[in-house]
Amino acid sequence: MENIFYPNTEKQNHLPADSLQNMSDFECLKEIKLLKNELQHKLALLGHHYQNDDIISFADFTGDSLKLSQQSANLNKEHIVFCGVHFMAETTDILCQPEQKVYLPDLNAGCTMADMAQIDQVESAWKIINQVLENKQKVIPITYINCTADLKAFVGRNDGCICTSSNAEKIISWAFEQGQKLFFFPDQHLGRNTCFDLGIPLDQMVVYNPNKTNGGLTEEQIRDAKVFLWAGHCSVHQGFKIEQIDYFRKHEPETKIIVHPECSFDVFNNADDAGSTAYIINTIQNAPAGSSFAVGTENNLVNRLADSFPHLTVKSLSPFQCLCTTMYRIRPKWLLKTLQDIKIGNNQSPNIIKVDEGVKELALLAINRMLELS
Ligand code: 13P
Ligand code: SF4
């Protein structure tokens, strides 16, 4: 089946050969299977849980962001293809060996949340906050792993750390042992939900909006706040609403609501359970037969869970399509093109992700700090 999310070919930087252009997904999948077998001695394929079934079926390793990062540091294959989004491929390039090559099959597979925080905006916020505080109190910067490599380097340089949705509680607790205040970006929801669970009241958290002067905060607010949350979010997870939980409570009271911590405060706090994609999978696969779940996360994963566990009822919390359209950009055609580049030894493949060496060193410092604490 053709889809409407084929990437913008201009930015993609290369066009598949004519033969590829005209191939159906079905034909591409057959070719991928053959090529993957042929290349298996030198190829590792990583797949995030939000990938389509057709792509995930080729993954040697699947996982949430934490597990895939841990895996990336231990792969012994020359070529690593990341079926996920750009920041994930960058993280793998930071963690793997210099002689290994990391590929992202579609360069347009970004993360809209990661795009909400740019390094110059974060540097400027950092300066403003520290100027107001006159460096009398130590602020620890923590970035969610869903960000560009230069933001990872920023936290490495400023005694901070990276977190994922699996370890946010541990990392934020660590941050409060290192300093008095927390600067958390780019996902305000993961930051707020985790800090609240750690006992920090909402009135001690402020949102820093990079599009407003001084983040939209007064000096007094900056001095009084314990936590600065970046005004970023995931559009997929922000689509889940408290009304959807109310609907299930009223019509299917036996259904357990489980959500990802990127959901808004109301949704997170009214759900029965919450956690990373790996946590959601684990909880559902260990549930007794007959259990029923409404899940607040991306559709590809929810549908796969429903298909994998027919003895359970698993459905999306939302009646609307909660699809991560950037994850969805990894289509069979682009995966096939990437494998063909590997087969012909194309060292100039535009899909190779290479993080600048200076950035890499500092980003690695921050990632390793996270891995040690996890
Ligand atoms: P996980 O680390 O829970 O897989 O989350 C990644 C992500 O991007 C969720 O939107
Ligand atoms: Fe980014 Fe949201 Fe997609 Fe996750 S689901 S990759 S946070 S846009």
Side-chain angles (χ1 to χ4, degrees), residues 5 46-52 55-56 59 61-72 82-92 95 104-117 142-148 151-152 162-171 184-191 193-194 230-240 258-264 267-268 271 273-284 295-305 316-318 320-330 367 370-371 374:
F5 293 111
L46 304 184
H48 184 265
H49 294 307
Y50 292 163
Q51 289 293 300
N52 260 1
I55 299 290
I56 212 86
F61 303 98
T62 58
D64 65 356
S65 308
L66 179 63
K67 186 170 165 207
L68 291 173
S69 305
Q70 288 162 332
Q71 202 66 256
S72 299
F82 207 119
C83 295
V85 288
H86 194 270
F87 76 82
M88 296 178 174
E90 270 190 344
T91 307
T92 296
L95 282 161
L104 180 67
D106 181 348
L107 298 181
N108 286 332
C111 163
T112 49
M113 176 205 287
D115 292 343
M116 289 177 193
I142 301 290
T143 181
Y144 189 22
I145 197 164
N146 297 33
C147 70
T148 53
L151 292 192
K152 293 182 174 77
I162 292 164
C163 76
T164 73
S165 55
S166 295
N167 59 21
E169 229 176 271
K170 247 186 223 162
I171 304 293
F184 189 92
F185 47 90
D187 186 18
Q188 59 173 297
H189 300 302
L190 178 66
N193 293 335
T194 312
W230 194 259
H233 63 267
C234 165
S235 315
V236 179
H237 290 91
Q238 219 175 241
F240 295 102
I258 183 164
V259 302
H260 195 277
E262 286 174 17
C263 289
S264 68
V267 169
F268 179 85
D273 206 353
S276 74
T277 54
Y279 178 84
I280 292 173
I281 295 169
N282 197 37
T283 305
I284 291 179
V295 188
T297 197
E298 209 267 354
N299 253 15
N300 275 309
L301 174 57
V302 179
N303 292 339
R304 189 172 311 121
L305 286 167
S316 174
L317 174 59
S318 165
F320 307 109
Q321 277 273 331
C322 294
L323 188 77
C324 176
T325 52
T326 50
M327 284 274 183
Y328 194 75
R329 282 183 178 275
I330 309 295
I367 298 175
M370 169 187 85
L371 294 177
S374 297

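This chain uses plain numbering: 1 for the first residue, then up along the sequence. Counting convention: from 1, in listed order, for ligands and their atoms alike. Just so it is clear, the structure is predicted and the values come from calculations on it, not from any experiment.
- Set against the non-hydrogen atoms of His237, the atoms of ligand 1 under 4.0 Å away are 10 (O).
- With waters left out, the protein N, O or S atoms under 2.8 Å from atom 2 (Fe) of ligand 2 add up to 1.
- Considering both main-chain and side-chain atoms, Ser165 comes within under 3.5 Å of ligand 1 through a nitrogen or oxygen pair.
- Contact atoms of ligand 1 toward Ser276: 3 (O) (distance under 4.0 Å to a heavy atom of the residue).
- Counting heavy atoms closer than 4.0 Å to ligand 1, residue Asp64 contributes atoms from both its backbone and its side chain.
- For the atom pair CG of Asn300 and NE2 of His49, the computed distance is 12.5 Å after rounding to the nearest 0.5 Å.
- Summarising the geometry, atom CZ belonging to Phe87 is positioned 12.0 Å from atom CG belonging to Leu151; distances are rounded to the nearest 0.5 Å.
- Atoms of ligand 1 found under 4.0 Å from any heavy atom of Asn146, numbered from 1 in the order shown, are 7 (C), 8 (O).
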* Asked: Under the side-chain contact (heavy atoms from CB on, under 4.5 Å) criterion, do Ile281 and Leu301 qualify, and how do the steps go?
  -> CA-CA 9 Å; Ile281 295 169; Leu301 174 57; 3.8 Å; yes
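- Judged by distance alone, with hydrogens and angles left aside, the side-chain atoms of Asn193 form a donor-acceptor pair with the main-chain N or O of Cys263 at under 3.5 Å.
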* Asked: Given the rule in the side-chain contact (heavy atoms from CB on, under 4.5 Å) test, do Thr91 and Lys152 qualify, once you have shown the distances and angles that lead to the verdict?
  -> CA-CA 9 Å; Thr91 307; Lys152 293 182 174 77; 3.6 Å; yes
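- In this pair, Phe240 and His237 present their aromatic rings tilted. The plane angle is within the 30 to 60° band.
- By the criterion of a heavy-atom distance under 4.0 Å, neither the backbone nor the side chain of Val85 is placed next to ligand 1.
- If you check which protein heavy atom lies closest to atom 6 (C) of ligand 1, you get Ser65 OG, 3.4 Å.
- Pairing each heavy atom of Leu323 with each of Val236, the nearest pair is O-CG2, 3.8 Å.
- For the pair Met113 and ligand 1, no heavy-atom separation below 4.0 Å is found.
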* Kindly indicate, with the supporting measurements, whether the criterion side-chain contact (heavy atoms from CB on, under 4.5 Å) is fulfilled by Ser374 and Leu66. => CA-CA 9 Å; Ser374 297; Leu66 179 63; 3.9 Å; yes
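- Using a 4.5 Å cut-off on side-chain heavy atoms (C-beta onward), Leu104 and Ile330 make contact.
- Of all the heavy atoms of His260, the ones lying under 4.0 Å from any atom of ligand 1 belong exclusively to the side chain.
- No option in His233, Glu262, Gln238 other than Gln238 meets the side-chain hydrogen bond (donor to acceptor under 3.5 Å, both in side chains) test with His189.
- Counting heavy atoms under 4.0 Å from ligand 1, residue Glu262 touches it through the side chain alone.
- Assignment of Tyr50 to the shell around ligand 1 is supported, since a heavy atom sits closer than 4.0 Å.
- Between Asp64 and Tyr279, the side chains place no donor N or O within less than 3.5 Å of an acceptor N or O (distance only, hydrogens not considered).
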